[in-house]
Amino acid sequence: MPESIMTRSVREILTSPSIGSDVRVQGWVRTKRESKAGLTFLEVSDGSYFQNVQVVVPADLPNYATEIPKLHTGSSVMVLGKEVQSQGGKQAVEVQAREVSLIGACDPAIYPIGKQKMTHEYLRDFTHLRPRTNTFSAIARVRNVLSMAIHDFFQQRGFIWLHTPIITGNDAEGAGQMFRVTTLDLDKPPRKEDGQVDFTQDFFASGVNLTVSGQLEAEAYACSMGKVYTFGPTFRAENSHTSRHLAEFWMVEPEMAFADLEENAQVAEDFLRHLLGAVLEKCPLEMEFFKQRVEPAIIDTLRAVLDNPFKRLTYTEAVDILKKSGETFKYAVEWGIDLQSEHERYLTEKVFKSPVILTDYPKGIKAFYMKLNPDGKTVRAMDVLVPGIGEIIGGAQREDREEVLLARIKEMGMHEGPLQWYLDLRRFGSVPHAGFGLGFERLVQFVTGMGNIRDVIPFPRTPGHIRI
RNA sequence: UGGUCAGUAGCUCAGUGGUAGAGCCCUCGGCUGUUAACCGAGUUGUCGUAGGUUCGACCCCUACCUGACCAGCCA
């Protein structure tokens, strides 16, 4: 008989109730409120929804005196019962239990995740248990919605999802230190005559690393399939101790053939709007929670990005505005410097009060692959800056002229040898193309208002820390 | 890698050169269709580590460890 009862998720029960129907609920107890006089209330979560379902346990159940006292926060349970209209004021639907089984006990004396308030920092020590809290389960659902919105956006526009390699032979493209991948015996690696480690004897017969970006590989496919995007993990071995850096993070990198910088900027703007709209539509309870418990202005901030067109101006114009602002910055503004976060925030939060897309940066502060402007001083780069967080997207039209690209490689002191394949893309049927990169965890930070990037990825990796 | 701040009960935090504190959690009792439940009682400590100053150090000094934040690097 019980086998025929349908298991429904908490989300299903609360969002499309079927009053009077038998139902099975499986999940974890969040809180228990007891009445010795005759009732126990369980709040059960199964992770499917921000809210929990209230299970009403009557005292006449056969195991009420033996099993119910063993239920504590964190215990897993299976409940058979009926969906009914709640007599309490805080929820429309609840489950009237007919049978409650303790599946896995949880000793409250030693369980690290209690009902009391816990700091994000404390919960970082319990990476495996923190998804049992409101905050971290909400973040996981927001990550999921954002991930699918990313695919929706590009799939609707005919982009191909390209799986670029994790292990790469590319050298760092100015994107920071890389993690070496090797199977050599580190206690006694083979050495060449000059004493250097001989990587020709390594697994791939050469030195390889974990990727810092899929962009260059994405260009290869854009230059044959038109529009592609990557969405996967990337790695940086930088010794960065900040609330905005991870050693392993996810990046989204669209790349479009026959596209210039203006089209690139438009796609980036439409993309961000699509993502924010998806979260506001599909995660209203989560967003309300972040507003109440994390960042009071978060929903207003996202709406402002949705409702205001992004302001576009060149780096040179931005420098003029900053120099004439009369504002005293910690770092003085001068044409040619890389803008500091204080400058970026001044532009988005004080001058324009909207997202800003800066274009045409000095070539000296940007990567070798960005297309050189006719002025010979600037490149077709763009940064999308948003209020509260600064740069969230960086992109560029790529240099599509072989001789100019080669000159830039040499100018920056890089070796052209390993980049012959990349030069081939310009040698054989070159086309104008452009793309950008979005740090996924930075996006999640922006959307949720969470202050520390370690709290918006399930299992964070930072220098000195890899708990699981 | 530099700068700043912090480390006291399971958690969040007060605290004073002179006997270690609160709230929460937890346990027990009471009460109640409860819902951040409520009321009462109770348990809980190498005050980060090692030196030093002092009659006496959780407090002052030094070093170290750990963490957070800011900056740089970047996404």
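In what follows, chains carry the letters A, B, and so on, assigned in the order in which the sequence lines appear, proteins first and then strands, with residues in each chain numbered from 1.
Within the structure, the side-chain hydrogen bond (donor to acceptor under 3.5 Å, both in side chains) test picks out the following pairs touching residues 444-459 of chain A (sequence neighbours left out): A:Arg124-A:Asp455, A:Arg130-A:Asp455, A:Asn452-A:Arg454. Residue pairs meeting the side-chain hydrogen bond (donor to acceptor under 3.5 Å, both in side chains) criterion with at least one partner in residues 100-113 of chain A, sequence neighbours excluded, are A:Tyr111-A:Arg132. Sorted by first then second residue, the ring pair (Phe, Tyr, Trp, His ring centres under 6.0 Å) pairs that include residues 112-146 of chain A, not counting sequence neighbours, are A:His120-A:Phe136, A:Tyr122-A:Phe126. Annotation: ring pair (Phe, Tyr, Trp, His ring centres under 6.0 Å) contacts involving residues 438-468 of chain A, sequence neighbours excluded, comprise A:Phe231-A:Phe440. Contacts classified as salt bridge (charged side-chain N to carboxylate O under 4.0 Å, His left out) and involving residues 43-62 of chain A (residues at least two apart or in different chains) are given here: A:Arg33-A:Glu43.
Across the C1' atoms, B:C11 and B:C25 are found 7 Å apart, a figure rounded to whole Å. Straight-line distance between the P atoms of B:C26 and B:C58: roughly 32 Å, to the nearest whole Å. To the nearest whole angstrom, the two P atoms, one in B:C39 and one in B:U32, are 16 Å apart.
Helical stems in RNA chain B, defined as runs of 3 or more consecutive Watson-Crick or G-U wobble pairs with donor-acceptor distances under 3.5 Å: B:1-7 with B:65-71, B:10-13 with B:21-24, B:26-30 with B:38-42, B:48-52 with B:60-64.
Using a 4.0 Å heavy-atom criterion, one finds that A:Glu94 contacts the bases of the nucleic acid, with or without backbone contacts as well.
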Below 3.5 Å between N/O atoms, which protein atoms pair up with nucleotides 35-40 of chain B? Just atom names and distances, please.
| unit_1 | atom_1 | unit_2 | atom_2 | d |
| --- | --- | --- | --- | --- |
| B:U35 | O4' | A:Arg33 | NE | 2.8 |
| B:U35 | O2' | A:Arg33 | NH1 | 3.3 |
| B:U35 | O2 | A:Arg33 | NH2 | 3.4 |
| B:U35 | O2 | A:Gln54 | OE1 | 3.4 |
| B:U35 | O2 | A:Gln91 | OE1 | 3.1 |
| B:U35 | N3 | A:Gln91 | OE1 | 3.3 |
| B:U35 | N3 | A:Gln91 | NE2 | 3.3 |
| B:U35 | O4 | A:Gly89 | N | 2.6 |
| B:U35 | O4 | A:Lys90 | N | 3.3 |
| B:A36 | OP1 | A:Lys90 | NZ | 3.4 |
| B:A36 | OP2 | A:Lys90 | NZ | 2.8 |

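Looking only at side-chain heavy atoms (C-beta outward), A:Thr230 and A:Val252 stay at 4.5 Å or farther from each other.
Mapping A:Pro108 and A:Val56 onto RNA chain B via the closest heavy atom, the residue that lands nearer the 5' end is A:Pro108. RNA chain B is contacted by both A:Gly464 and A:Tyr331; A:Gly464 maps to the nucleotide lying nearer its 5′ end (nearest heavy atom per residue).
Residues passing the ring-ring contact (aromatic ring centres under 6.0 Å, His included) test with A:Phe154, sequence neighbours excluded: A:Phe159, A:Tyr229, A:Phe271. Here A:Phe352 pairs with nothing under the ring-ring contact (aromatic ring centres under 6.0 Å, His included) rule; sequence neighbours left out. Residues meeting the side chain to side chain donor-acceptor pair (under 3.5 Å) test with A:Thr242, sequence neighbours left out: A:His245. With sequence neighbours left out, the salt bridge (charged side-chain N to carboxylate O under 4.0 Å, His left out) criterion links A:Glu411 to A:Lys363, A:Arg408.
Taking a 4.0 Å limit (strictly below) on heavy-atom distances, residues 121-142 of chain A reaches RNA chain B at A:Glu121, A:Tyr122, A:Arg124.
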